[in-house]
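A short worksheet on the structure shown next.
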Amino acid sequence: MRALIVLLIFGGIGAWVVLHQDEYNAESRKRPKADPQSVSAAKVGDCLQQTGGTDREPELKIIDCGKPAAKYKVAKVGAGTGCEPGQAYYRMLGKHDRELMSLCMTHIDANR
């Protein structure tokens, strides 16, 4: 009798897991949409605004190159990118300080 009760309990739990597996998988596949202004979406030729941080560790977002707040223009994109003299360098780090991407940027003249 006890074995039957245990079997029914575990069978019920197993059936619930199987029936709800699709809901769990659908939830786990949801990803937030990438922000099109995020620096992680930057391409060569994009302009960037510094929204915070410091000159050594800026917080950046993509902005229209014609806007006065544009501070940098992306010259190169890629992990481990080597920059030319005079270019600003930006790195995005992931877990364990692994470099996810880097940018070489030219300064946009404030007196355009």
Connected via hydrophobic side-chain network under 4.5 Å: Val39 and Tyr72: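 Yes, because Val39 and Tyr72 connect within a single hydrophobic cluster, where side-chain heavy atoms sit under 4.5 Å apart.
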Transitive ILVMFWY side-chain link Ile63 to Ile108, under 4.5 Å: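 No, it is not one cluster - the side chains of Ile63 and Ile108 are not joined through contacts under 4.5 Å.
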Looking at [X] and [Y], what are the two nearest heavy atoms and their distance?
{"X": "Ala41", "Y": "Asp46", "answer": "O-OD2, 4.1 Å"}
{"X": "Cys65", "Y": "Ala70", "answer": "O-CB, 4.1 Å"}
{"X": "Thr106", "Y": "Ala75", "answer": "CG2-CB, 4.4 Å"}

Spacing of NZ belonging to Lys73 relative to NE2 belonging to His107, to within rounding of 0.5 Å: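 It is 14.5 Å, given to the nearest 0.5 Å.
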Approximate separation, where rounding is to 0.5 Å, of Ile62 CD1 and Cys47 SG: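 Here the rounded value is 10.0 Å.
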Main-chain N/O of Tyr90 paired with Ser102 side-chain donor or acceptor, under 3.5 Å: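 Such a contact is absent between Ser102 side chain and Tyr90 backbone.
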Any side-chain heavy atom of [X] sitting closer than 4.5 Å to one from [Y]?
{"X": "Lys71", "Y": "Met105", "answer": "no"}
{"X": "Val74", "Y": "Lys43", "answer": "no"}
{"X": "Leu48", "Y": "Leu103", "answer": "yes"}
{"X": "Ser40", "Y": "Met101", "answer": "yes"}

